[in-house]
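A short write-up of the structure that comes next.
First listed ligand is number 1; within each ligand, the first listed atom is number 1.
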Amino acid sequence: MAFKSASILPSSISIYKEGKSNASLKEASFFGVSVSLPSHLKADCNYSVIRSKERSRSELQLLIGAIKAQTATTTPAIDEAAPEAKKTLRKGNVIITGASSGLGLATAKALAETGQWNFADNFRRSGMPLDVLVCNAAVYLPTAKEPSFTAEGFELSVGTNHLGHFLLARLLLDDLKKSDYSSKRLIIVGSITGNTNTLAGNVPPKANLGDLRGLAGGLNGINTSPMIDGGEFDGAKAYKDSKVCNMLTMQEFHRRCHEETGITFASLYPGCIAETALFREHIPLFRLLFPPFQKYITKGYVSEEEAGKRLAQVVRDPTLAKSGVYCSWNKYSSSFENQLSEEASDTEKARKLWEMSEKLVGLA
Ligand code: LMG
Ligand code: PMR
């Protein structure tokens, strides 16, 4: 279970100081410690814990991996046979720079595969409070002909974009509960492309979770389909499906946990970030034409910087503290509570998705 949990976590976790929250994630990670784990080889590395106060020197030393490159931390097993029990009876940390690929990644992977590394535990042991969790990492594999899989055998898009977030959010919910911060939030990034009540959501292939039969079977592509609805693999659809899962999960969290915890659960579509590493797998022609298409034709284009400011608003703006909502922005950059598609607001589907997901990630 430990391994299962650890290895479907997103590829990195960055922690950085206040004052950077309006900066782009690139800048923010300058002060960050990132945790890379094996199964999201291509994931964007955007789990960020924005800290509201300066920390003590000793805490800051934890952040000593203030290194721009991708960095991994892992934790050794408890060695019960060791005589110096005090020194070894806790999980330690290792920082590996350059861990988004190559040797660094392979090392982080080897450590994680020992089954003893689990970021959530590690974070808890650091004693740092968690006030806001942003689940933003995502992969998009529009040109893949065949599915690829996480270490646990889940189709990679849904494994990364939904199951990884679901597990991380569930594991860190207790930490959020304990926080004494004035406005605790859990944010899961959604997308217009998962919402079939929009033009963008009607561009084929359309999101559709069906009766979740593929998910129920474990999305492993062996004895079951790699797609949630049980259909043939389609990378673009898998991404859109995963975004429907994100939006459903946010609402299910709201229904199950908001009243008791006071945590704000929210999702958003920050606009079409047409120039982003999310499209690294797309064909070059798409990457060339998509930005002008969005800028001059659909007018849905936003820069990474503007999108970052929007997400930062959802993290900290007191006027965006309502729970259970999906935020969007109009052409004047004013936020509003947007309407989700029928499927993305289906309460029964949300419940089933929650229950199946917790089984798959080993929480039930
Ligand atoms: C699929 O193709 C791929 O097959 C798949 O592998 C994956 O990549 C997937 O979504 C990703 O896409 C999608 C295909 C669908 O799109 C294309 O092939 C077109 C690519 C377009 C890329 C953008 C570049 C556009 C270039 C235009 C030129 C730009 C020049 C800029 C210069 C500016 C200078 C001024 O495409 C189609 O199937 C075609 C038709 C799709 C239309 C979809 C619209 C459906 C509308 C339905 C409306 C329903 C009503 C909805 C209700 C709304 C209510 C509000
Ligand atoms: Mg889309 C108002 C129209 C609109 C918006 C806001 C988006 C957003 N897109 C729109 C329309 C269209 N797109 C139309 C009419 C087409 C057919 C030409 C089209 C095509 C298209 C493709 C091929 N669009 C795409 C792709 C992708 O590969 C992107 C995708 O689906 O990624 C999953 C994409 C997107 N369009 C968007 C947004 C936001 C995306 C990126 C998805 C995301 O950021 O989550």
**Study point:** No-hydrogen, no-angle side-chain donor-acceptor test under 3.5 Å, Glu355 and Ser357
**Key:** no

Exercise for review: Give a yes or no answer on whether the side chain of Ser267 reaches the backbone of Ile188 with a donor-acceptor pair at less than 3.5 Å.
Suggested key: yes

Review point. Same hydrophobic cluster for Ile187 and Val325, using side-chain heavy-atom links shorter than 4.5 Å among ILVMFWY?
Key: no

Study note, to complete from the structure: The atoms of ligand 2 lying under 4.0 Å from a heavy atom of Phe286, numbered in the order shown, are 22 (C), 23 (C), 26 (C), 27 (C), 28 (O)

Check your understanding: For ligand 2, is Lys243 a contact, meaning one of its heavy atoms is under 4.0 Å away?
Key -> no

Practice item. Say whether Thr193 and ligand 2 are in contact under the criterion: heavy-atom distance to a ligand atom below 4.0 Å. Key: yes

**Study point:** Heavy-atom gap His282 to ligand 2 smaller than 4.0 Å
**Key:** yes

Review point. Heavy-atom distance to atom 43 (C) of ligand 2: which of Tyr140, Tyr301, Tyr239 wins?
Key: Tyr239

**Study point:** Minimum non-hydrogen distance to atom 14 (C) of ligand 2, winning option of Thr276, Val203, Val189, Leu289
**Key:** Val203

Exercise for review: Verify the distance criterion only: is there a donor paired with an acceptor across the side chains of Glu275 and Tyr301 at less than 3.5 Å?
Suggested key: yes

Review point. Are Leu168 and Leu353 linked, directly or through other ILVMFWY residues, by side chains that come within less than 4.5 angstrom of each other?
Key: yes

Review point. For Ser303, which residues count as a side-chain hydrogen bond (donor to acceptor under 3.5 Å, both in side chains) partner, sequence neighbours excluded?
Key: none

Practice item. Would you mind finding which of Phe290, Tyr269, Phe279 brings a heavy atom closest to atom 25 (C) of ligand 2? Key: Phe290

